[in-house]
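Worksheet for the structure shown next.
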Amino acid sequence: MHICGLLEVILQGSGSAPPAPPCTKAEVAVLLLGCCPPTASSTVFKEISADNDEDNQPTEIESLCMNCYQNGMTRILLTKIPFFKEVIISSFTCPNCSWSNTEIQSAGRIQDQGIAYTLKVKSKQDMNREVVKADSATTRIPELDFEIPPYTQKGSLSTIEGLIDPLFTLIIPNAICTSLLVIDDPSGNSFVENPFAPQKDEALSVSHYKRTPQQDAQLGIKAEDEEEKPSNDIDCMRNEVLTFNTNCPECNAPASTNMKLVQIPHFKEVIIMATNCDDCGHRTNEVKSGGATEELGTKITLHLTDVSDMSRDLLKSETCSILIPELEFELGMAAVGGKFTTLEGLLKDIKDLIVSKNPFTCGDSSTSDRTEKLKLFGEKIDKIMAGEMDVHVVLDDPAGNSYLQNVYAPDPDPEMTTEKYTRTFEQNEDLGLNDMKTEGYQE
């Protein structure tokens, strides 16, 4: 079933249990979540499906209509949507005054970084791109001085056209098709479709950023005046594994994350964080650079000549882009986060991100051409991992914090080149270096 059509299914009703006493939607969600032990939380949110399964039916409950103050019906569905994690979808209809309302709320975790999508709307086809917009996102059209502030609209699953006020679209229909559209979400839970996947979308740029204290306060993460705790002694951190409690990014069950400083031979010190969920078995790792941004960017090019190249150790920082010129493929920085893995592990992550976990390859939102193109891309990745394709893999890191193992060290690697380059103004802007003043800042 098309994701955007899910709300219509809820509005039609399921004809399930008889109505209960009036209750608010928030109370229903608390009751649904609170009746299960923590280890069963992953079963509360069912995978989105078009099957007429009793477990996938919405919960109906009688609630107060805020328009005529008589009783109406609220339907609530707890489900999982790709790229939007767990969500609570609710709809209200009143048979007395015919008033209706729909809403989608994120029930998943707030991401580590905020995200901003900038789309150059060139044609009416761009208006059909699917969008997941969280209620914390800001929508802007800079050329028209038009903005939809955060928390003024409820979270929605829609298209670009459906996202913008219909009246605004009717008044200036052609102006929108020549403008930039910006969706800025500090929670990191919004998403804009790339119809050209796995190829790079020239009209769409995606950037990740660190939230400000004010944005953290808006999201309820911490108070604006909360002071940063002093860091632990660096020598102690080198000699022990730090463990802290967190939530699994897949099932949201309680989990633990281990963190340790590691010195990579012939490179530098990095911070490795690994999460293991005992509830669903999900395992993940993330790497952060333990040092400063280098003076020059680094571009590493490896010519794959043998299947043994798949076992090379690889450190990809969150600022590193990945290119495979023979496939006309480019993956922007922060798309798969920072990782310390092998070349084979990185290629598997790329295949999962572009093919297996792409939400627009199934249901009514998919097309045969797109599905076939992504399937062909996945087959080419498999051939690369099997050593059956002659390709080059390029790691381009403007921060200079990425690394690919030289199996001939300390001698030069005949199949690998490492190039140092001066960053452009735009790259320094992305890294936040243009506004950074390290000398004479007291003036």
Checklist entry - Can you tell me if Asn406 uses its side chain to pair, donor with acceptor, with the backbone of Asp411 under 3.5 Å? => result yes
Next on the checklist: With rounding to the nearest 0.5 angstrom, report the OG1 to NZ distance, Thr422 to Lys420.
Outcome noted: 11.5 Å
Next on the checklist: Check whether Arg312 reaches the backbone of Gln405 with its side chain - one donor and one acceptor, N or O, closer than 3.5 Å.
Outcome noted: yes
Checklist entry - Side chains of Asn194 and Tyr117: donor-acceptor distance under 3.5 Å anywhere? => result no
Checklist entry - Of all heavy-atom pairs between Phe244 and Met259, which one has the smallest distance, and what is that distance? => result CE2-CB, 4.1 Å
Checklist entry - Roughly how far apart are Leu181 CG and Asp126 CG, rounded to 0.5 Å? => result 10.0 Å
Checklist entry - Is Lys316 salt-bridged to Asp349, going by a charged N under 4.0 Å from an acidic O? => result no
Next on the checklist: Within the supplied structure, the quantity of interest is the number of heavy atoms (other residues, nucleotides, ligands) at a distance under 6.0 Å from Glu388 CD; does it exceed 12?
Outcome noted: yes
Checklist entry - Where do Leu314 and Leu395 land on the side-chain contact (heavy atoms from CB on, under 4.5 Å) test, with the steps shown first? => result CA-CA 10 Å; Leu314 179 147; Leu395 303 180; 3.8 Å; yes
Checklist entry - Would a distance-only check, ignoring hydrogens and angles, find a side-chain to backbone donor-acceptor pair under 3.5 Å from Glu143 to Leu180? => result yes
Next on the checklist: I'd like to know whether NZ of Lys210 has more than 12 heavy-atom contacts from other residues, nucleotides or ligands below 6.0 angstrom.
Outcome noted: no
Item to check | Under 3.5 Å side-chain donor-acceptor pair for Thr275 and Thr257 | outcome: yes
Checklist entry - Could you go step by step and tell me if His208 and Val206 meet the side-chain contact (heavy atoms from CB on, under 4.5 Å) rule? => result CA-CA 7 Å; His208 296 75; Val206 184; 4.1 Å; yes
Checklist entry - Atom CD in Gln125, atom CD1 in Ile160: separation rounded to 0.5 Å? => result 13.5 Å
Checklist entry - Is the closest side-chain heavy-atom distance between Ser136 and Leu219 below 4.5 Å? => result yes
Checklist entry - So does Lys373 have more than 12 non-hydrogen atoms from other groups sitting under 6.0 Å from NZ? => result yes
Item to check | Side chain to side chain, Lys351 and Asp382, heavy atoms closer than 4.5 Å | outcome: yes
Checklist entry - Hey, is Arg370 close enough to Glu193 for a salt bridge, meaning N to O under 4.0 Å? => result yes
Checklist outcome for this item: Nearest heavy-atom approach of Gly114 to Arg211 is N-NH1, 3.9 Å
Checklist entry - At what distance, to the nearest 0.5 angstrom, does CG of Asp185 lie from OH of Tyr209? => result 6.5 Å
Next on the checklist: Within the 4.5 Å heavy-atom criterion, are Val391 and Lys380 side-chain neighbours or not?
Outcome noted: no
Next on the checklist: Among residues at least two apart in sequence or on other chains, which ones pass side-chain hydrogen bond (donor to acceptor under 3.5 Å, both in side chains) with Asp112?
Outcome noted: Arg109
Item to check | Non-hydrogen atoms of Thr342 and Ser311 that approach each other most closely | outcome: CG2-O, 4.0 Å
Checklist entry - Do Leu331 and Leu353 come close enough that some side-chain heavy atom pair is under 4.5 Å? => result yes
Which atom pairs, one a donor and one an acceptor, fall under 3.5 Å between side chains of residues 319-327 and the rest of the protein, sequence neighbours left out?
{"from": "Thr319", "atom 1": "OG1", "to": "Ser317", "atom 2": "OG", "distance (Å)": "2.9"}
{"from": "Thr319", "atom 1": "OG1", "to": "Asp397", "atom 2": "OD1", "distance (Å)": "2.6"}
{"from": "Glu326", "atom 1": "OE1", "to": "His392", "atom 2": "N", "distance (Å)": "3.1"}
{"from": "Glu326", "atom 1": "OE2", "to": "His392", "atom 2": "N", "distance (Å)": "3.4"}
{"from": "Glu326", "atom 1": "OE2", "to": "His392", "atom 2": "ND1", "distance (Å)": "2.8"}

Next on the checklist: Ignoring hydrogens and geometry beyond distance, is a side-chain donor-acceptor pair present between Lys299 and Thr418 at under 3.5 Å?
Outcome noted: no
Next on the checklist: Run Ile272 and Lys260 through side-chain contact (heavy atoms from CB on, under 4.5 Å) and show every step you take.
Outcome noted: CA-CA 6 Å; Ile272 297 181; Lys260 191 176 189 307; 5.8 Å; no
Next on the checklist: Between Ser402 and Thr298, does the side-chain contact (heavy atoms from CB on, under 4.5 Å) criterion hold? Intermediate values first, please.
Outcome noted: CA-CA 8 Å; Ser402 293; Thr298 302; over 6 Å; no
Checklist entry - Would you say the side chains of Glu161 and Thr159 form a donor-acceptor pair under 3.5 Å? => result no
Item to check | Straight-line distance of Glu379 CD to Lys383 NZ, nearest 0.5 Å | outcome: 7.0 Å
Checklist entry - Do the side chains of Val131 and Ser158 get nearer than 4.5 Å, heavy atoms only? => result no
Checklist entry - At what distance, to the nearest 0.5 angstrom, does CG of Leu77 lie from CD1 of Ile89? => result 5.5 Å
Checklist outcome for this item: In terms of heavy-atom contacts, Ile115 and Ser190 come closest through CG2-O, 4.2 Å
Checklist entry - Between Leu304 and Ile384, what is the shortest heavy-atom contact and its length? => result CD1-CG2, 3.6 Å
Checklist entry - Any side-chain heavy atom of Asp430 sitting closer than 4.5 Å to one from Pro398? => result no
Item to check | Flag, side chain of Arg423 to backbone of Asn428, donor-acceptor distance under 3.5 Å | outcome: no
Next on the checklist: Give me the atom names and distance for the closest heavy-atom approach of Lys133 to Ala137.
Outcome noted: NZ-O, 3.8 Å
